2 protein chains.
Amino acid sequence: MRNKVSLKDIAQKVGVSTAAVSYALSTGKEGKVSEEVANRIKAAAKELNYQPNQIAKSLKMGRTNTLGLIIADVSNPFFATIARVVEDEANKHGYTVIFGSSDECPERAWDLINVLLNRQVDGLIIVPSEASEEQILYLKDQKVPFVLIDRYFPEISSSFVAINNYKAAYDAVMHLAKAGRKRIGMLAYKTSLFHMQERKRGYQEALRDSGLSPDENWLKEVRHGDIKNEVKTAVEEMLASDDAIDALFFATNTLAINGLKYIDSLKLKVPDDLAIVSFDEGEAFDFYYCPLTFVRQPVVELGNKSVQLLLAQMSGSDGGISQVHLDPELVIRKSSGLV
Amino acid sequence: MRNKVSLKDIAQKVGVSTAAVSYALSTGKEGKVSEEVANRIKAAAKELNYQPNQIAKSLKMGRTNTLGLIIADVSNPFFATIARVVEDEANKHGYTVIFGSSDECPERAWDLINVLLNRQVDGLIIVPSEASEEQILYLKDQKVPFVLIDRYFPEISSSFVAINNYKAAYDAVMHLAKAGRKRIGMLAYKTSLFHMQERKRGYQEALRDSGLSPDENWLKEVRHGDIKNEVKTAVEEMLASDDAIDALFFATNTLAINGLKYIDSLKLKVPDDLAIVSFDEGEAFDFYYCPLTFVRQPVVELGNKSVQLLLAQMSGSDGGISQVHLDPELVIRKSSGLV
DNA sequence: AATATATAGTTAATCGATTAAATAAACAAC
DNA sequence: GTTGTTTATTTAATCGATTAACTATATATT
């Protein structure tokens, strides 16, 4: 079909062995062939438009120069951006990225891991989904180089790049408290994943430290399935209780989008009726009438760092574990009612 | 490091040749080994957790079960969705997708094509960028199976899946005319790409057919570089002229986002001061105060069809060319001022 | 001149899976 | 009992590139 040109063809044309061709074309092997022959080989390679077969090279070398990336949800711009950043950074280092989305489903993540390992990726970057601990342990056991990103399991020792979720949530809620809000609600995902636990812990500690006694009705959790309706019900309840919330902290961008749509439908005004702080930004928020205060995650740094850690781990003899925490930034705008 | 288990290991364990193992484990070769030995082999494979090395398989078979996808811009949700759909559909057929973004830059597209071909992808799906004709001709010449998507070159005979851009624009502008608008502007990209020419043609014909004499100031084109400022200037001019526009048709979602932000800053009200129709939808529009009338492209069908055409082309003996035009749909909402 | 040392190139094994062809054993046919 | 056929299994070549080990010159050293 194509790419008929192999080392053999060049060798034949020039009248040398394939070994000579290989030496001549690979950098760093200069001494092996005379300059004159090397030039003839290079000329022939160019003339025939030789493109090396990476598959053959990979088989021989045991490396594919490919990284696998498993994100939790492509349709979420946060992860989509991570994917893009990881790809760029990997390319910069001569690596190709193959990626897939687990859609928060551990079975799908297993499939992806197998597909990627069968394709001999040199390493993996993973946003782990719930109940995927055994996958991580498996990778450790198999000594596959990998780095977790965005999320990790505190009880499993592994390399990861994540943000300080506790601090992010704490600062966000503290900010609402300082803005004079007394009844601050939080909308989170129902998951055992550590990053979400940390966000909830940050929320709770901030309430405590502000001298606000939390109402259990103020912290609602929704499942991944039918987000739209669950969010609606949750917000409804937070607003319906005797002491309805006067501020709401969204634990993720998807929660914020769904929550705000419902809040708008109630004709509630942000920030007067309800102050808002969200996790993450998003193009979607650009048209929201009230500029949102939000927790900005250092997505680019997260992505870049994960690639760098992975490459280091792959080349490093030690195979050491590095755990990186990056600090998010609270971007204060109108929706929190202070500016 | 990992995946130490090869056919050889199983062969050794069971005490047979690697050929026997290969036959026993590949479906469709049932008759080749006795059931008893086959079972022992399968048991050993499971026990050792054998995972076939796809690289070796690819080298031998000359197929990688991988498709390459080159899109024009990952940060554009339209293309991001296409990427996702293509990936899903390809997975369904047992193919993995490696993809990259040309960022509308032909040099980058060349790089990507080479990277993907070196990795022996079995076929390519491409959103061609401007001035990439020679790339397409190269692929034809090399007999690489490929399908263009979203855009194509009418002067080059190749398989593609695209929408009827002329009709989409014609319908959109006709709709504005029927809504009583007399001075309808269009904001497009400055590019020679056929799909954009078609959108402009649709706009112009619709004006003509509505008996509206087009003003040359009403059709503005911006370059990809500094979109934000160019859009601002363009919209400014369309509004400043003696007969300022009373309706505006955006040729893409990115143009719409930038244009609307600027229009909002002018305190113009949609649709009263200015009626709007946009190409494409997007999460970003969900929060726009006035629901937008827009041209909905059948993204899922586009993506699925492109994969199907490619697979057919790859398996097909004829290598025939199929050109598919899908029809977009005008979704009418408030911004065009008719509902 | 004999020996050591570069230099330039080739040979052949290797990576892991597939598969055509060869072989061996079991059984049937006449 | 020789020949033919079926069934089960192995041998060995192959895909394309890399590279250790080897060979054959040419050049340098003593």
Side-chain angles (χ1 to χ4, degrees), chain A residues 1-42 44-45 48-66 94 117-122, chain B residues 1-42 44-45 48-66 114 117-122:
Chain A
M1 159 179 76
R2 89 184 100 101
N3 225 14
K4 309 287 306 169
V5 187
S6 71
L7 283 191
K8 214 170 168 180
D9 300 306
I10 300 179
Q12 234 145 40
K13 191 179 167 80
V14 180
V16 292
S17 69
T18 64
V21 179
S22 176
Y23 286 130
L25 296 181
S26 56
T27 50
K29 299 275 158 50
E30 272 66 29
K32 295 291 289 185
V33 278
S34 68
E35 200 166 329
E36 190 256 325
V37 173
N39 285 336
R40 273 166 50 216
I41 290 174
K42 283 176 191 163
L48 296 175
N49 186 31
Y50 169 70
Q51 299 287 114
N53 183 327
Q54 297 295 337
I55 297 291
K57 186 168 182 167
S58 293
L59 179 59
K60 179 68 206 189
M61 308 299 270
R63 298 183 310 114
T64 53
N65 278 285
T66 302
L117 290 185
N118 290 173
R119 286 183 186 270
Q120 313 294 118
V121 296
D122 297 333
Chain B
M1 160 180 75
R2 87 183 105 99
N3 225 14
K4 309 285 307 169
V5 188
S6 70
L7 282 191
K8 214 170 168 180
D9 299 305
I10 300 180
Q12 234 146 40
K13 191 179 166 83
V14 179
V16 291
S17 69
T18 62
V21 179
S22 176
Y23 287 131
L25 295 181
S26 56
T27 51
K29 298 276 157 52
E30 271 66 29
K32 297 288 290 184
V33 274
S34 68
E35 200 167 332
E36 190 255 325
V37 174
N39 285 335
R40 272 164 52 216
I41 289 174
K42 283 177 191 163
L48 296 174
N49 186 31
Y50 169 70
Q51 300 286 115
N53 183 327
Q54 297 294 339
I55 297 292
K57 187 169 181 165
S58 294
L59 179 59
K60 178 66 206 188
M61 308 299 270
R63 300 183 308 115
T64 53
N65 276 285
T66 302
N114 280 324
L117 290 186
N118 289 174
R119 286 182 187 272
Q120 311 295 119
V121 295
D122 297 331

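Everything quoted here is computed from the prediction, not taken from an experiment. By convention in this document, chain letters (A, B, ...) are assigned in the order of the sequence lines, proteins followed by strands, and residues within each chain are numbered from 1. Side-chain atoms are counted along with the backbone in the values below, which use heavy atoms only and exclude waters and symmetry mates.
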Quick check: closest heavy atoms across A:Ala24 and A:Ile41, and the distance to 0.1 Å?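 In this case the closest contact between A:Ala24 and A:Ile41 is CB-CD1, 3.7 Å.
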Round to a whole Å and report the spacing from [atom1] of [X] to [atom2] of [N].
| X | N | atom1 | atom2 | value |
| --- | --- | --- | --- | --- |
| A:Glu36 | C:dG9 | CD | P | 8 Å |
| B:Leu59 | D:dT14 | CG | P | 14 Å |
| B:Leu25 | D:dT9 | CG | P | 14 Å |
| B:Met61 | C:dA17 | CE | P | 13 Å |
| B:Gln51 | C:dG16 | CD | C1' | 14 Å |
| B:Lys8 | C:dA13 | NZ | P | 13 Å |
| B:Arg63 | C:dT19 | CZ | P | 10 Å |
| B:Asn53 | D:dC15 | CG | P | 18 Å |

Just by distance, do the side chain of [X] and the backbone of [Y] share a donor-acceptor pair under 3.5 Å?
| X | Y | result |
| --- | --- | --- |
| A:Arg63 | A:Asp122 | no |
| A:Arg119 | A:Thr64 | no |
| B:Thr18 | B:Leu7 | no |
| B:Asp9 | B:Ser6 | yes |

Which of the following nucleotides, [options], is nearest to the side chain of [X]?
| X | options | answer |
| --- | --- | --- |
| B:Ser34 | C:dT18, D:dA8, D:dG16 | D:dA8 |
| A:Ala19 | C:dA13, C:dA12, C:dG9 | C:dA12 |
| A:Lys60 | C:dA17, D:dA21, C:dT14 | C:dT14 |

May I ask you to evaluate whether [X] reaches the phosphate of [N], defined as a side-chain N or O under 4.0 Å from OP1 or OP2?
| X | N | result |
| --- | --- | --- |
| A:Ser22 | D:dT18 | yes |
| A:Ser17 | C:dT10 | yes |
| B:Tyr23 | D:dT11 | no |
| B:Lys57 | C:dT18 | yes |

Would you mind classifying the nucleic acid contact of A:Val16 as base, sugar-phosphate or nothing, using non-hydrogen atoms under 4.0 angstrom? sugar-phosphate
Report which part of the nucleic acid A:Val21 touches: base, sugar-phosphate, or nothing (heavy-atom distance under 4.0 Å, all strands). nothing
If you pin B:Ala56 and B:Ala20 to their nearest nucleotides in DNA chain C, which one's is more 5'?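 Result: B:Ala56.
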